[in-house]
Amino acid sequence: MKVAVVGAGIAGLSTAWALNRAGHEATLIEQAAAIPNPYAASGDQHRIIRRAYAGDDGYARTITEAFAAWDELWADLGAVHYKACGVMGISQLAGDEGEEYRDGLDRMGSPDELFEPAQAARRYPFLDPATFRYAYLSGEGGALFPARIAAGMVALLRERGVAIREGVAVTSVDPDSGALGFADGERLAFDRIVVTAGAWTLRLLPELGDALKTYRTAVAYLDPPDDLKA
């Protein structure tokens, strides 16, 4: 099948990768001038992957599949863009998110290492032991590096014949005819269209507004105080 994938964040890149592996003719279309895409919710320099998801046990269970999928990708890329450094949680007040996340780990049967405040502060000097009840380290998780992942996937997809169109804005989607309309007036038809446009999805498919709520993640970088820079 000829399949268009609209949006080249990690969802779009992964969809194009999976379609190509399944033998389909994929075209990946991205509004940003280049990939890695600075607009993507999955973009930036690092993203966390973890077992802890508070009360979202269904989501937490899918992390097993996610780790397996990442391992498939590393094998294809010939590089690992992941640091299994573990994920730390902190509880400041009884019943807070930190506690809810640890309860979620318990329900999933995922082990963690518990630290009293003074013990945690000795191990992690940036912590102030007077400000929290306990800390815990979950070994199943760490940091993914999206910019490296996206760059590697783009190179891999091009090598395998996937058409990638950057700096091209899709303005309309016709689900009945399988046609895409572009800002410059061009129209292209496909057997299937997959929209992976994240927070921009409702601009293309406003009829989903009653059923779909979209989000975009923002990342803020802060300069540490002088006494903690080292």
Side-chain angles (χ1 to χ4, degrees), residues 9-11 13-14 36-75 77-153 198-199 215-230:
I10 192 61
L13 289 164
S14 299
N37 171 9
Y39 302 144
S42 56
D44 217 70
Q45 299 304 310
H46 46 75
R47 280 287 184 272
I48 191 173
I49 184 169
R50 63 186 188 272
R51 289 284 185 184
Y53 276 96
D56 296 330
D57 291 357
Y59 195 98
R61 279 190 289 271
T62 67
I63 299 301
T64 298
E65 297 177 33
F67 278 122
W70 286 119
D71 286 340
E72 285 186 51
L73 179 60
W74 309 145
L77 290 178
V80 177
H81 302 305
Y82 167 62
K83 178 67 175 177
C85 54
V87 176
M88 186 172 64
I90 293 173
S91 175
Q92 294 180 290
L93 302 169
D96 65 5
E97 263 195 327
E99 186 169 292
E100 290 177 0
Y101 275 62
R102 187 162 190 254
D103 288 345
L105 288 174
D106 288 344
R107 288 194 304 276
M108 293 299 104
S110 182
D112 63 87
E113 186 178 0
L114 183 64
F115 300 102
E116 296 296 326
Q119 181 186 15
R122 283 194 298 272
R123 181 163 177 171
Y124 305 104
F126 52 84
L127 295 178
D128 180 351
T131 62
F132 60 96
R133 303 161 63 218
Y134 59 80
Y136 53 95
L137 183 67
S138 169
E140 295 183 290
L144 293 160
F145 303 108
R148 301 180 203 171
I149 293 168
M153 291 190 80
Y215 298 88
R216 183 179 176 203
T217 303
V219 178
Y221 285 98
L222 307 178
D223 286 329
D226 289 340
D227 63 327
L228 294 178
K229 280 186 178 179

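Judged purely by atom type and a 3.5 angstrom limit, Q92 uses its side chain to pair as donor or acceptor with the backbone of T131. Formation of a donor-acceptor pair under 3.5 Å by the S110 side chain with backbone atoms of R51 is not found in this model. R102 places no side-chain N or O within donor-acceptor distance of the main-chain N or O of I90, the cut-off being under 3.5 Å. Side chain of T62 to main chain of Y59: a donor-acceptor pair is present (N/O by atom type, distance under 3.5 Å, no hydrogens or angles).
A distance of 7.0 Å separates CD1 of I10 from CG of L73, quoted to the nearest 0.5 Å. Atoms CE and CG, on M108 and D57 in that order, are 3.5 Å from each other to the nearest 0.5 Å. Taking CZ from F115 and CZ from F132, the interatomic distance works out to 10.0 Å, rounded to the nearest 0.5 Å. Put simply, CG on D56 and CZ on R61 are 10.5 Å apart, with the number rounded to the nearest 0.5 Å. Rounded to the nearest 0.5 angstrom, M153 CE and H81 NE2 are separated by 10.0 Å.
What you find for A40 and G9 is that their closest heavy atoms are CB-CA, 3.9 Å. In plain terms, the two heavy atoms of Y134 and Y136 that are nearest each other are CE1-CD2, 3.7 Å. Across all their heavy atoms, A66 and I49 have their closest contact at CB-CD1, 4.4 Å. Across all their heavy atoms, L137 and G86 have their closest contact at CD1-C, 4.2 Å. Closest non-hydrogen pair, I63 versus R50, comes out as CG1-O, 3.4 Å. Closest approach of D96 and S91 over heavy atoms only: OD1-OG, 3.0 Å.
Residues M88 and L127 form a side-chain contact, since some pair of their non-hydrogen atoms from C-beta on lies under 4.5 Å apart.
Within 6.0 Å of the CD atom in E97, the count of heavy atoms belonging to other residues, nucleotides or ligands does not exceed 12.
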Chi angles and distances behind the side chain to side chain contact (heavy atoms under 4.5 Å, CB included) call for R133, E99: CA-CA 10 Å; R133 303 161 63 218; E99 186 169 292; 2.7 Å; yes

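Using cut-offs of 30° and 60° on the angle between ring planes, the pair W70 and W74 is parallel.
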